J.: 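Take this structure, written in structure tokens, and hold onto it; I'll ask about it next.
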Amino acid sequence: MKKISMIIALLAVLNTWSCGQKTDDVNPPTPPVEEETSETKTLNVASIITNFANVKKQIDKKMSCDVNIKFYPGGDNSDPFELLNLDILSGEDIDVIYAGADDMRQFIKNGYLTDLYPILEQSETLKKEDFLPNVLSGLEVDGKLPAICDNWILYTAVAKTENVGENMENWTSEQALNAFYNMPDGMEYFLDKAWMEYDLPNYLINRVETDAVDYRNNTCDFGGAFLEMLESINNLPEFQPYEPIDNCNFIKNRSLVSDIYFSGINAILTQQTYTWFGGADVTFIGYPSESGKGYVTDAFSALGIPEMSSEKQEAYEFIELMLNDNSVNKDWLYKMPVTEKQLTDQLNESKYNNMSVHCPQNLPDSEEQIEISEEAIEQAIEYLRNVEFEPYTSEEVERIVLEEYHKCLAGEITPQKCVDNLNNRVSIYLSETE
């Protein structure tokens with residue numbers, strides 16, 4: 001066998017030598033050119049947000065790579081977060097996670113998500129300074145940016161300034177209760193929800209409940225302001241349902257407080273803060289609190305990049321599209337701004353669009369139309385910019401609080417027993433999710 005190999009090798013050398021002697025007569029064969037093949041990258045997106053499907057076509061048009069989206073629908077017998085977690089543990093290749101901020105909190109605690117700040121520094125199109133500072137700082141954990149929200153909401157409350165006085169923004173529990181006990185005859189606290197038994201307690205306790213839990217340090221304390229408010233609620237007059245006389249209660253000073261929500265700088269905000277009050281000056285009294293935070297924030301969805309992703313740049317390109325491309329982000333007018341561009345786009349939207357903040361609105365029970373003043377818009381934006389964004393809260397904790405304090409309102413347990421139960425149950429839950 002070795003001899004045959006040697007003969008073949010010798011013949012090859014002789015053949016090369018003989019061809020070399022005839023270069024004037026015969027051109028040597030040109031070796032074939034190998035075609036370069038470039039394999040298209042695929043970005044794997046895991047989405048718990050199911051209504052994400054309607055933007056898939058727009059994303060495919062704009063991304064420099066293929067995008068594969070795997071949805072994790074919830075059901076009676078399935079938890080989408082648990083299903084996604086199983087795929088992660090099994091080593092499935094995932095480049096972007098699109099989920100609720102509560103779910104993101106679990107991934108963050110496990111160290112699964114990469115810090116996005118270094119990627120922002122390298123980006124030419126969406127940098128750190130392009131974001132609303134308070135939103136970005138709220139998403140930080142230990143100086144890192146593990147996720148970016150694309151959809152959040154701000155809950156607060158307003159009242160006519162003439163009815164509550166100036167310098168009442170984000171009022172205290174004492175101020176809120178004093179206003180309740182000193183309302184003029186014929187005035188009610190709420191406009192359209194006052195026939196529901198738990199509306200007033202829910203309003204009064206909303207912010208002090210939030211302040212009782214420290215998600216960053218995984219601790220809780222329902223004593224102090226929460227206990228004091230719970231005791232005050234127990235001493236309120238017996239609930240008497242009523243129905244509003246008409247839709248002009250705020251204009252005619254028959255209602256004091258309107259709890260509202262920001263879902264963007266849009267026509268909904270105009271209606272809640274301006275037309276309901278007939279264009280009068282309003283004050284963002286918020287929910288009663290001792291912390292000075294008269295609002296509650298919630299992030300419905302957020303985007304993160306797993307540390308193990310090999311396509312981090314493409315993953316951030318995907319996040320950029322989700323945030324700043326209005327053709328991809330179809331509901332951008334209905335979303336709270338995360339970036340300065342989103343805020344500018346909403347403010348610049350034509351007043352002839354029915355969702356524009358500038359869209360003229362009919363006054364309650366009237367054909368007269370009014371348009372929100374620039375001063376009122378600036379007031380709302382200033383309030384928005386000064387919010388301390390708190391996205392990483394837990395729905396399960398909120399459920400536990402609701403369960404226990406409603407037992408107290410029903411007379412089944414005392415306020416102190418309610419606090420003891422909450423400190424115990426919430427502490428256990430927080431320790432289990434560390």
Side-chain angles (χ1 to χ4, degrees), residues 38-72 80-81 83-101 103-131 135-136 139-141 143-152 299-330 332 335 338-339 341-342 391-392:
S38 57
E39 186 178 345
T40 304
K41 292 181 178 180
T42 298
L43 190 73
N44 295 305
V45 179
S47 175
I48 293 179
I49 312 300
T50 52
N51 63 356
F52 183 44
N54 61 354
V55 300
K56 174 74 166 65
K57 289 182 180 179
Q58 290 296 327
I59 290 171
D60 286 341
K61 290 178 184 177
K62 296 175 181 289
M63 286 291 293
S64 60
C65 61
D66 290 337
V67 178
N68 175 46
I69 301 176
K70 182 175 181 180
F71 296 100
Y72 292 82
F81 172 75
L83 294 174
L84 172 55
N85 211 28
L86 286 173
D87 279 353
I88 291 170
L89 293 173
S90 68
E92 185 158 324
D93 189 17
I94 297 174
D95 299 302
V96 179
I97 293 177
Y98 190 37
D103 296 328
M104 285 297 188
R105 190 169 61 91
Q106 305 304 318
F107 292 126
I108 294 166
K109 288 183 179 296
N110 293 331
Y112 184 70
L113 300 178
T114 194
D115 180 13
L116 297 175
Y117 274 140
I119 302 176
L120 265 68
E121 290 172 2
Q122 297 173 9
S123 173
E124 295 297 325
T125 52
L126 190 60
K127 294 179 165 295
K128 184 176 180 178
E129 55 267 27
D130 296 325
F131 288 86
V135 173
L136 211 57
L139 290 160
E140 278 186 10
V141 177
K144 298 180 179 180
L145 184 66
I148 295 175
C149 70
D150 75 316
N151 194 346
W152 65 290
F300 294 140
S301 55
L303 296 139
I305 301 175
E307 189 65 54
M308 300 302 293
S309 170
S310 59
E311 311 295 347
K312 288 187 174 66
Q313 290 301 325
E314 287 76 13
Y316 189 65
E317 179 188 346
F318 176 88
I319 292 175
E320 289 177 324
L321 283 176
M322 290 295 294
L323 293 180
N324 266 4
D325 192 313
N326 293 343
S327 65
V328 170
N329 189 356
K330 291 290 187 182
W332 61 278
K335 294 183 177 182
V338 176
T339 67
K341 178 181 181 299
Q342 288 177 342
Y392 302 123

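All of these numbers come straight from a predicted model, not from anything done at the bench.
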J.: Before we go on, tell me: are the rings of Phe81 and Phe107 under 6.0 Å apart, centre to centre?
T.: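 Yes; Phe107 has its ring centre under 6.0 Å from that of Phe81.
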J.: Verify whether one side chain among Ser301 and Asp150 offers a donor that lies under 3.5 Å from an acceptor in the other.
T.: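 Note: Ser301 and Asp150 side chains meet the donor-acceptor criterion.
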J.: Ser309 and Thr114: side-chain contact (heavy atoms from CB on, under 4.5 Å), yes or no, with the steps?
T.: CA-CA 9 Å; Ser309 170; Thr114 194; over 6 Å; no
J.: Any carboxylate oxygen within less than 4.0 angstrom of a Lys/Arg side-chain nitrogen, looking at Asp87 and Lys70?
T.: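 Lys70 and Asp87: salt-bridged.
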J.: Flag the pair Lys62 and Asp325 as a salt bridge only when some basic side-chain nitrogen lies within less than 4.0 angstrom of an acidic carboxylate oxygen.
T.: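 So Lys62 pairs with Asp325 through a salt bridge.
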J.: Do any N or O atoms from the side chain of Tyr112 and from the backbone of Ile305 form a donor-acceptor pair under 3.5 angstrom?
T.: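 A pair under 3.5 Å: no.
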J.: Looking at Glu121 and Lys127, is there a salt bridge between them, counting it only when a charged N and a carboxylate O are closer than 4.0 Å?
T.: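 Between Glu121 and Lys127 there is no salt bridge, as every charged N stays at least 4.0 Å from the carboxylate O atoms.
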J.: Tell me every residue that passes side-chain contact (heavy atoms from CB on, under 4.5 Å) with Ser310, counting only those two or more places apart in sequence or in another chain.
T.: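 Applying side-chain contact (heavy atoms from CB on, under 4.5 Å) to Ser310 gives none.
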J.: Can a salt bridge be assigned to the pair Asp66 and Lys41 using a cut-off of 4.0 Å between side-chain N and carboxylate O?
T.: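 Result for this pair is no, no salt bridge flagged.
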J.: Would you check, one step at a time, whether the test side-chain contact (heavy atoms from CB on, under 4.5 Å) holds for Leu323 with Leu321?
T.: CA-CA 5 Å; Leu323 293 180; Leu321 283 176; over 6 Å; no
J.: Return the set of residues passing ring pair (Phe, Tyr, Trp, His ring centres under 6.0 Å) with Tyr392 (not counting sequence neighbours), or none when no residue passes.
T.: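 Applying ring pair (Phe, Tyr, Trp, His ring centres under 6.0 Å) to Tyr392 gives none.
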J.: Please identify each residue that fulfils side-chain contact (heavy atoms from CB on, under 4.5 Å) with Asp115, with sequence neighbours left out.
T.: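 Per chain and number, Asp115 pairs via side-chain contact (heavy atoms from CB on, under 4.5 Å) with Tyr117, Pro118, Lys144, Leu145.
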